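Below is a structure I'd like to ask you about.
Atom set for the values below is all heavy atoms of this structure, side chains included, hydrogens, waters and symmetry mates excluded. All chains are named by letter (A, B, ...) in the order of the sequence lines, taking the proteins before the strands, and each is independently numbered beginning at 1. Computed from a predicted model, the values in this text were never measured in an experiment.
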2 protein chains.
Amino acid sequence: MTDAEYVNIWMRPERPARGPKPAYSRAQIAEAAVRIADAEGLEAATMRRIAAEIGAGAMSLYRYVPSRDDLVLLMADRLMGEIDVDGMPSGDWRADLTRYAHGLRAMWLRHPWIATAQRALPVLGPQQLRLIEAVMGALDAHVPIDENLALMALLNGYVEGAARDEVSWAEEVRRSGVSESEWLARSYPYVQQLLESGQYPIFGRIATEARQPRMGRDEQFGSGLQRVLDCIAAALPAALPSDGQAGATAPVPPRCP
Amino acid sequence: MTDAEYVNIWMRPERPARGPKPAYSRAQIAEAAVRIADAEGLEAATMRRIAAEIGAGAMSLYRYVPSRDDLVLLMADRLMGEIDVDGMPSGDWRADLTRYAHGLRAMWLRHPWIATAQRALPVLGPQQLRLIEAVMGALDAHVPIDENLALMALLNGYVEGAARDEVSWAEEVRRSGVSESEWLARSYPYVQQLLESGQYPIFGRIATEARQPRMGRDEQFGSGLQRVLDCIAAALPAALPSDGQAGATAPVPPRCP
DNA sequence: CACTACTGAGTACGTTGTACGCGGTCATGG
DNA sequence: CCATGACCGCGTACAACGTACTCAGTAGTG
């Protein structure tokens, strides 16, 4: 029975009752780790590197965090804290969900490594709980809790899927050390060969016709989001337009810092 | 200029022109790697372990694959090959997309480690190209190629998001070595504490009320999928019902082995 | 038949997460 | 007020990882 009573990173008290004051804090460690991951990717945020960043010895971190996996949990929850859901639920569910979705996407774009840090659902850190209360609260009055859960999963799935697409490119570029233009140049012969084989007509049209999207990334995300929100609206009890507006025009100006 | 002319794993010829016959093949190696990853997770599929599985020396694999990352690409494309899209496009886009979506989800459930193997978009292996042709072909006659791309991203995002949710649980259980019931038991005090704090009323209702979903996983996925397909239908040019059916009842019986 | 490009494999290196144990420090029980 | 022991930060050490380098053997080519 070594650590049989170990339960959960969020249960483990930050400050012990006895002994000398800790020189650092979990928040400080997570902050440094996030800083490194932002600059050089999650795989660069090794225990030694993080310790060096805050000026500590390598093994000191294990006084604060039981394992690197738990530290990643801390980092992920810290990121959730960046999403602004103040004043939610406001009564206008569509506005709330739109703001949350743009905030979530913006956070992903700021911290692309979240794509590889994503673990199972039950993280349940304080910041994630805050998001659950704010965002699911927006639909809470209109649908049963099961349905709400499913709708949130749909919304989160769209946002994270879209963000993952946008982000994975940049991540791959950084990880492999090959610039985007260089990658294109290297892929050119392969793509050319695919085109000439004639076996892939649709991919060929993607490669040749769909080169420049007529919408910017933000607009593309926003219009897809409106489609998803229409889906959600359709699942709500009828005669519940949320506000006067509906359809493809965003009822709330997308605020995407 | 060591490997400056290295382009792409798919360009590198499997068999060289000269020299003795290779004892193994890429397909065989990828097969073994998939077998190990299925049984023990992707992180267990190390180069040494794979080599041992096929009875080769550790370093021999590098004769076939330039790096482990490229091997993971091979594995991912092999998985795409499991998805049955024969006869697509059939003319009934809704049936085609439904079949594809169920096939994709089933593949994810068979190989949960794909969640952590997922890299950037431009994998473009032969199997993925096959899927692109078959699935995007279903909508090709109805929408411009850009729109088609966006709709496929929406569908893939839903399926992969849903599959990721289902799968990440199992992955976490295997990775941490903690069984689901044990995890629940360990989390109990934490959840209890959250409930008693009274700060998280909605999470509280999730924990207490939404315990048993009234639909099975398959049904839940299927009904969500129909919602997404409704979304896609709405984006198509009007008066294009695909077939007589529409709405929440699946026009095609979900085949999910 | 000679040549040579290619084969599978062994050894070795740098980096990772982390188990273990040390000497010092400070809140607390008597 | 002081002795005690829980806790601090940290150094050392280890196993496992990806993979660079090297070599003797082999089979297709001229």
Subject >> Distance-only donor-acceptor test, R63(A) side-chain atoms vs dG9(D) base atoms, 3.5 Å >> reply: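 Answer is yes: a donor-acceptor pair is held.
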Original post:
Y62(A) OH to dA19(C) P: how many Å, rounded?
Top reply: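 Checked: the OH to P distance equals 7 Å.
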Original post:
Picking from dG18(D), dG8(C), dT18(C), which would you name as closest to the side chain of R68(A)?
Top reply: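 Of the candidates, dT18(C) comes closest.
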**OP:** Counting heavy atoms from C-beta on, name the nucleotide in dT12(D), dC8(D), dA9(C) closest to the side chain of M59(A).
**Re:**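 Of dT12(D), dC8(D), dA9(C), dT12(D) is nearest to the side chain of M59(A).
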Original post:
Any side-chain donor-acceptor pair under 3.5 Å between Y64(B) and D70(B)?
Top reply: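 No.
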**OP:** Classify the side-chain pair Q220(A)/R217(A) by whether it contains a donor and acceptor separated by less than 3.5 Å.
**Re:**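 Distance-only check fails for Q220(A) and R217(A).
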Original post:
Which part of the nucleic acid, if any, lies within reach of A23(A) when heavy atoms closer than 4.0 Å are counted: base, sugar-phosphate only, or nothing?
Top reply: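 It contacts sugar-phosphate atoms only.
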Original post:
Among the nucleotides dC10(D), dA9(C), dT7(C), which one has an atom lying closest to any side-chain atom of A56(B)?
Top reply: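 Minimum distance to the A56(B) side chain belongs to dA9(C).
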**OP:** To the nearest Å, give me how far apart CG (L71(A)) and P (dT18(C)) are.
**Re:**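 About 10 Å, once rounded to whole Å.
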Subject >> Any side-chain heavy-atom pair of E31(A) and R78(A) under 4.5 Å >> reply: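 Yes, at least one pair of side-chain atoms sits under 4.5 Å.
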Subject >> Selection: residues 44-55 of chain A, any non-hydrogen atom under 4.0 Å of DNA chain C >> reply: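 Heavy-atom cutoff 4.0 Å gives T46(A), M47(A), R48(A).
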**OP:** Please report, rounded to the nearest Å, how far the C1' atom of dG11(D) is from the CG atom of L61(A).
**Re:**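 Rounded to the whole Å, the gap is 14 Å.
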Subject >> Mutual orientation of the aromatic rings belonging to Y158(B) and F221(B) [parallel < 30°, tilted 30-60°, perpendicular > 60°] >> reply: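 Ring orientation, 0 to 90° scale: parallel.
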Original post:
Between R164(B) and E160(A), is the closest basic N to carboxylate O distance under 4.0 Å?
Top reply: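 Salt bridge absent between E160(A) and R164(B).
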Original post:
Counting only N and O atoms by type, is there a donor-acceptor contact under 3.5 Å from the side chain of R99(A) to the main-chain atoms of D86(A)?
Top reply: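 Answer holds: yes.
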Subject >> Whole-Å distance separating the CZ atom of R12(B) from the P atom of dC6(C) >> reply: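 Distance check: R12(B) CZ to dC6(C) P gives 12 Å.
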